[in-house]
Amino acid sequence: MVKITFMGAGSTVFARNVLGDCMCTPALCDAEIALYDIDGDRLNDSYVILSAINKNVNEGRASIHTYLGEPNRKDALRDADFVVNAIQVGGYDPCTITDFEVPKKYGLNQTIADTLGIGGIMRALRTIPVLEDFARDMEEVCPDAYFLNYTNPMAMLTGYMQRYTKVKTVGLCHSVQTCSKALLTELGMEDKLEGRTELIAGINHMAWLLKLHDKDGHDLYPEIRRLADQKNREEKHKDMVRFEYIRHLGYYCTESSEHNAEYNPLFIKSKYPDMIEDYQIPLDEYPRRCIKQIEGWNQEKESILKDGAITHTRSLEYASYIMEAIVTNKPYKIGGNVLNHGLIDNLPADACVEVPCLVDGSGITPCHVGALPTQLAAMNSSNISVQLLTIEAARNRDRRTIYQAAMMDPHTAAELNIPDIIAMCDELIAAHGEYMKEY
């Protein structure tokens, strides 16, 4: 019997998707499922919903147990084969609010702030110490388990685990498997979906759709470039930043325009305020999403549990497919976040990169990609520098390196001078209090 431990099980909707997928998978449907969280109410919500799915779609074959708080963490992890991580240290209130409001005082606007930028740096710094605790427990009670990380900032957290722990770690995102379908659909090229082939590689949230061919082997990029340029010139839409990538860099990337607007110094600029409207950039987008999610949760929970008829259909999330491939030795390809050991030739070897990986009974095997086009490697490298400095700052508990990470961030450095960057970092660390006590 497989044991699956879900860290941050209070992320109820996501836990439902991943663990519901497992219940829909014959090789995993009788798994022992351990739900771990530090919030008892949300943990119970997840238990109730997953128990209903287990009854309705899985004939009760899985066994589900809850583990609340740090004293029970080792028991949740003990003898696990797979550990899914979906924690958010500090939550929306107070930490996400702080990550947006303090920088705003310095004139620094953000959209999502969970991957890069000053918000991403702070999120990594308060999350890595928690992952260190997870890793110590896993090395003791489930040393052979795979750690499937879904928590952002993906490259920083996954890269830390891969470099400084013995835990077998891969980072997983939602954006790779939906990238080309979303692009073709948005451009009215749905007739090219069936049988298409693609190559995606780079870093998390900025991996590049390097190749895309139809079922007959024809290169789709010439038509994509024409239609994307036309669409950006003729109408306002939600993906204008990524279509500008296509126009100026030649390629589309995996994560949304609201994310990518803050990963570079090109779009959110106080000197050019009209660009926010011109490129439909949703400043403060993540706080709005959090508020909406929090306000809507009770209604959503009631809807999910209505008449006890909750059901589930297997999703596109990678986790269950990875587990299935390892357990059954049936090969499966993913886009995984792994250390750049001989994978992308013109990115740093200690970077966490997102590349095609083969998963089977022997584990997760990344594939060599070669060199990225120079302009794409340059965009990735500007983000990687921040990621590596943040990892170093967390490893050494060094505030000076935090300053350096913020100074190297493309958006932050484009807007603020060094004294303001240092003052902002100090204010953020103080405002986060116990969540940043190590620094």
Side-chain angles (χ1 to χ4, degrees), residues 111-112 115-117 120 154-155 173 175-176 178-187 189 192 196-213 219-269 272 275-276 278-281 335 337 340 343-348 351-356 369-387 408-414:
T111 55
I112 305 295
T115 299
L116 203 73
M154 177 63 63
C173 189
S175 57
V176 173
T178 60
C179 176
S180 64
K181 181 179 180 180
L183 174 62
L184 293 174
T185 301
E186 194 168 358
L187 293 176
M189 298 174 65
K192 304 299 183 183
R196 71 192 186 280
T197 59
E198 63 188 35
L199 173 63
I200 295 175
I203 61 173
N204 179 245
H205 285 189
M206 197 190 278
W208 305 100
L209 182 60
L210 298 171
K211 298 178 182 179
L212 183 60
H213 294 83
D219 184 3
L220 295 178
Y221 251 124
E223 183 67 359
I224 287 170
R225 292 182 179 115
R226 184 186 73 80
L227 290 174
D229 183 63
Q230 178 181 323
K231 186 164 185 172
N232 259 19
R233 291 180 187 277
E234 294 180 354
E235 63 180 272
K236 300 293 187 185
H237 59 96
K238 66 179 182 179
D239 210 13
M240 297 188 74
V241 169
R242 284 198 290 178
F243 281 19
E244 283 295 285
Y245 279 9
I246 296 174
R247 181 183 178 191
H248 295 289
L249 303 177
Y251 297 86
Y252 190 65
C253 82
T254 49
E255 190 48 79
S256 64
S257 283
E258 59 263 29
H259 273 278
N260 270 272
E262 64 183 6
Y263 297 164
N264 58 68
L266 303 173
F267 293 98
I268 305 175
K269 303 179 76 68
Y272 302 94
M275 292 182 72
I276 301 304
D278 289 345
Y279 289 98
Q280 298 291 286
I281 297 169
N337 289 270
N340 187 31
L343 305 175
I344 297 180
D345 297 344
N346 51 348
L347 293 182
C352 181
V353 295
E354 195 164 66
V355 297
V369 173
L372 298 178
T374 304
Q375 72 277 17
L376 306 186
M379 283 284 281
N380 284 166
S381 294
S382 69
N383 285 219
I384 289 169
S385 297
V386 181
Q387 294 163 359
M408 294 302 110
D409 176 66
H411 174 45
T412 302

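Between the K236 side chain and the D278 main chain, a donor and an acceptor come within less than 3.5 Å of each other. At distances below 3.5 Å, not a single donor-acceptor pair connects side-chain atoms of K231 with backbone N or O atoms of F243. Here the side chain of N340 pairs a donor or acceptor atom with the backbone of L347 at under 3.5 angstrom. Proximity of a side-chain donor or acceptor of D409 to a complementary backbone N or O of G117 within less than 3.5 Å is detected. Listed for the N383 side chain is a donor-acceptor partner under 3.5 Å among the backbone atoms of Y263. A donor-acceptor pair is defined here as one N or O able to donate and one able to accept, closer than 3.5 Å; such a pair exists between the side chain of S385 and the backbone of S381. With hydrogens and angles disregarded, a donor-acceptor distance shorter than 3.5 Å links the side chain of N380 to the backbone of M206. No donor-acceptor pair closer than 3.5 Å links the side chain of R225 to the backbone N or O of I246. With hydrogens and angles ignored, the 3.5 Å screen pairs no side-chain donor or acceptor of R247 with any backbone N or O of D229. A donor-acceptor pair under 3.5 Å is absent between the side-chain atoms of N232 and the main chain of V241, judged by distance alone.
Of all heavy-atom pairs spanning Q375 and L249, the tightest one is NE2-O, 2.8 Å. Closest of all the heavy-atom pairs between V369 and L210 is CG1-CD1, 4.3 Å. In plain terms, the two heavy atoms of M240 and Y279 that are nearest each other are CB-O, 3.8 Å. Contact record, P410 with V386: CD-CG2, 4.1 Å, taken as the closest heavy-atom pair. Residue V176 comes nearest to I200 through the heavy atom pair O-CD1, 3.7 Å, listed as atom of the first residue, atom of the second, then distance. In plain terms, the two heavy atoms of L199 and P356 that are nearest each other are CD1-CG, 3.9 Å.
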Worked check of side chain to side chain contact (heavy atoms under 4.5 Å, CB included) between Q387 and L116 = CA-CA 8 Å; Q387 294 163 359; L116 203 73; 4.3 Å; yes
Determine, stepwise, if the pair E186 / H237 fulfils side chain to side chain contact (heavy atoms under 4.5 Å, CB included).
-> CA-CA 10 Å; E186 194 168 358; H237 59 96; 3.5 Å; yes
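E255 meets the salt bridge (charged side-chain N to carboxylate O under 4.0 Å, His left out) test with no other residue; sequence neighbours excluded. With sequence neighbours left out, the salt bridge (charged side-chain N to carboxylate O under 4.0 Å, His left out) criterion links D219 to no other residue. Scored by the ring-ring contact (aromatic ring centres under 6.0 Å, His included) test, Y252 finds no partners at all (sequence neighbours excluded).
Under a cut-off of 6.0 angstrom, the local environment of NZ in K211 is sparse, with at most 12 non-hydrogen atoms contributed by other residues, nucleotides or ligands.
Using a 4.5 Å heavy-atom threshold, the side chains of H205 and C173 count as touching. Side-chain atoms of C253 and R242, non-hydrogen and from C-beta on, do get closer than 4.5 Å to each other. The side-chain heavy atoms of T254 and L209, taken from C-beta on, include no pair separated by under 4.5 Å. Put simply, the side chain of Y251 does not reach to within 4.5 Å of the side chain of L372, judged on heavy atoms. R196 is listed as a side-chain neighbour of L184, based on a closest heavy-atom distance under 4.5 Å.
A distance of 7.5 Å separates CD1 of I384 from CD1 of I344, quoted to the nearest 0.5 Å. In this structure, NE2 in H259 is found 8.5 Å from OG in S175, a value given to the nearest 0.5 Å. Rounding to the nearest 0.5 angstrom, the gap separating the OG atom in S256 from the NZ atom in K238 is 9.0 Å. One finds the CG atom of L212 at 7.5 Å from the CE atom of M189 (value rounded to the nearest 0.5 Å).
For the pairing with T111, the side chain to side chain donor-acceptor pair (under 3.5 Å) check across E258, E262, H411 returns one residue only, E262.
Stacking of R226 on the aromatic ring of Y221 is not recorded, the 6.0 Å distance cut-off and the 45° axial limit not both being met.
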